[in-house]
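What follows is a short report on a single structure.
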Amino acid sequence: MTDPIAVLRERGFVQDITDEAGLRQKFAAGPVTFYVGFDPTAPSLHAGNLVGMMAMAWLQRSGHRPIALAGGATGRIGDPSGRDSERQLLDDATLQRHLTGIRAQLSALLDLDDDAGLLVDNFDWLGEVTFLGFLRDVGKHFSVNAMIARESVKRRLESREQGISYTEFSYQLLQAYDFLHLYREHACVLQGGGSDQWGNIVAGVDLIRRVAGGDAFGLTWPLLTTSDGAKFGKSAGNAVWLDPELTSSYAYYQYWMNVADADVERFLRLFTFLSLDEIAEVVRTHAQDPAARKGQTTLAREATRIIHGGDAVTAAERATAVLFSGASLQGLDDAILGEVFAEAPSVTIPRKQLDTGIGILTLMTHAGAAKSNGEARRLIAQGAVQCDNLPVDDPEYTLDGTSLFGRSTVVLKVGKKRYFLARFE
């Protein structure tokens, strides 16, 4: 087995460890069971969660056993960490929908079969705990003074407008109990999380020591931030979701294509499984010709492949070529075209007009690409018109149902940069 702490540190996943020497001894002694929690406060995980998911994947690749915890119970409460206001509490039906999506996303990146890893829901045990029993068995081990001293709690207490509810104040006790439960039931001795989870993680380490007399450890990774230093995640309102229904695979690909040069190497280490030698070669090639965007292209390809698969990468790369290189639109579906040309003016035309044939002049005027048939003729004569990225030189050209490669969208291009969409429905 490789040195997992070295692997995580080299790739940028380590910010703090509660007892690094002790954890190294645990890793050296054999496979370690570890867990990371994900609260179902949204219908999908996002790029901020992906940092933790990738850290888990690297630990599993180093020979250790992951437990992915879906917070069906703590999701009903809400973690105050990193927030200036109270989370909106969700009803049971909404939480279950969120949990279903999150489980699928976690399983896509991690092997969570019984022997290799586990996927658990903390509602299965916290839902059975009584209030009096929790106060007696867990609450007595926590100092209110220490809980109030936590930065996230102090900030909320200092806010006259928000404050903090008893519900959110109690969150760290529930998370600590999760760690204790997993320690007892699955010999889990390591909890990982973002740096804003440090206080919650330490609370669990302390609880295991006090109640079970055991050694447990915590490891945190830096929070993903935007170029201006703001936290990147769903709380910041600019989330890049892992669910293609919320952030399409094309938009996901384009996000990584548009990262700053200064972030390329860091993101290649965090969000791909490329070796460090491969990353160094990409970075070297990129530095020689930044305009070629070798770093962004590699990052977008590998990051999208991990979450959405090879077919999504192929479609995103073809769509990118359509927009920037004038490649053929054949094989691209309406959803991808809608993403590629999201800013283009569009018009909806009854499908029956396409079935009987629609002339290019009529299509151009309907779509707003020309004000009149006369202007459309002049543009065609000037060689300025393309239909689905193919030049049009005949003003009598007619489109029919065989012209769209099975799609319902036609893309008109006038000049170098003016695009118009016609959707036949």
Side-chain angles (χ1 to χ4, degrees), residues 36-54 56-57 68-72 74-76 78-79 82-83 85 87-110 119 121 194 223-227 230-259 267 270-272 296 299-320 323 332-344 346 409 423:
V36 179
F38 302 88
D39 276 351
T41 51
S44 169
L45 299 175
H46 53 86
N49 300 123
L50 187 59
V51 178
M53 293 167 67
M54 291 295 292
M56 294 179 75
L69 184 149
T74 44
R76 289 168 164 81
D79 182 4
R83 293 186 61 88
S85 59
R87 296 179 187 271
Q88 180 180 357
L89 299 182
L90 304 177
D91 60 70
D92 287 353
T94 300
L95 279 167
Q96 288 306 315
R97 287 196 301 272
H98 291 183
L99 284 166
T100 299
I102 288 172
R103 289 190 186 105
Q105 290 165 359
L106 291 169
S107 297
L109 195 60
L110 301 165
L119 178 62
D121 181 348
L223 296 179
L224 182 64
T225 58
T226 60
S227 57
K231 180 181 176 182
F232 191 96
K234 59 183 182 294
S235 299
N238 61 345
V240 177
W241 302 101
L242 306 189
D243 185 341
E245 295 298 320
L246 299 176
T247 297
S248 72
S249 57
Y250 172 75
Y252 190 83
Y253 179 93
Q254 286 299 320
Y255 169 76
W256 302 113
M257 278 293 294
N258 289 308
V259 303
F267 286 177
L270 289 170
F271 299 114
T272 79
Q296 285 89 346
L299 173 62
R301 180 182 300 126
E302 297 301 321
T304 304
R305 189 190 318 279
I306 289 170
I307 299 302
H308 297 296
D311 290 344
V313 173
T314 300
E317 290 181 334
R318 292 195 63 249
T320 301
L323 187 58
L332 296 182
D333 61 27
D334 294 292
I336 288 289
L337 289 176
E339 289 281 343
V340 174
F341 300 102
E343 303 302 319
S346 64
T409 303
R423 293 184 172 90

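What you are looking at is a predicted structure, and each value in this text was computed from that prediction instead of being measured.
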Problem set entry | Distance-only polar pair, side chains of R97 and T100, donor-acceptor under 3.5 Å | no

Exercise. Could you give all pairs that pass the salt bridge (charged side-chain N to carboxylate O under 4.0 Å, His left out) test and reach residues 44-53, with sequence neighbours left out?
Worked result: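 Qualifying pairs, neighbours excluded: none.
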
Sequence neighbours excluded, which residues qualify as side chain to side chain donor-acceptor pair (under 3.5 Å) partners of [X]?
X: S249; value: none
X: R301; value: E317
X: D243; value: none

For this session: I would like to know whether L50 and V240 meet side chain to side chain contact (heavy atoms under 4.5 Å, CB included); could you show each step before the answer?
Result: CA-CA 10 Å; L50 187 59; V240 177; over 6 Å; no

For this session: Give a yes or no on whether N258 atom CG has more than 12 heavy-atom contacts from other residues, nucleotides or ligands under 6.0 Å away.
Result: yes

Problem set entry | Criterion side chain to side chain donor-acceptor pair (under 3.5 Å) against Q254, the qualifying member of T247, T304, T320 |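 Among T247, T304, T320, the one meeting side chain to side chain donor-acceptor pair (under 3.5 Å) with Q254 is T320.
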
Seminar exercise, completed: Distance col, row M56:CE vs L109:CG, nearest 0.5 angstrom, shows 9.0 Å

For this session: Using ring-ring contact (aromatic ring centres under 6.0 Å, His included) as the criterion, list what pairs up with Y253, not counting sequence neighbours.
Result: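 Y253 satisfies ring-ring contact (aromatic ring centres under 6.0 Å, His included) with no residue once adjacent residues are dropped.
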
For this session: Could you list the residues that satisfy ring-ring contact (aromatic ring centres under 6.0 Å, His included) with F271, not counting sequence neighbours?
Result: W256, F267

Exercise. Does some side-chain heavy atom of L106 sit less than 4.5 Å from a side-chain heavy atom of M53?
Worked result: yes

Exercise. Do L242 and N49 have side-chain heavy atoms sitting under 4.5 Å apart?
Worked result: no

Exercise. Taking Q105 for the side chain and L45 for the main chain, is one N or O donor matched with an acceptor at less than 3.5 Å?
Worked result: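 Looks like yes, one N/O pair under 3.5 Å.
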
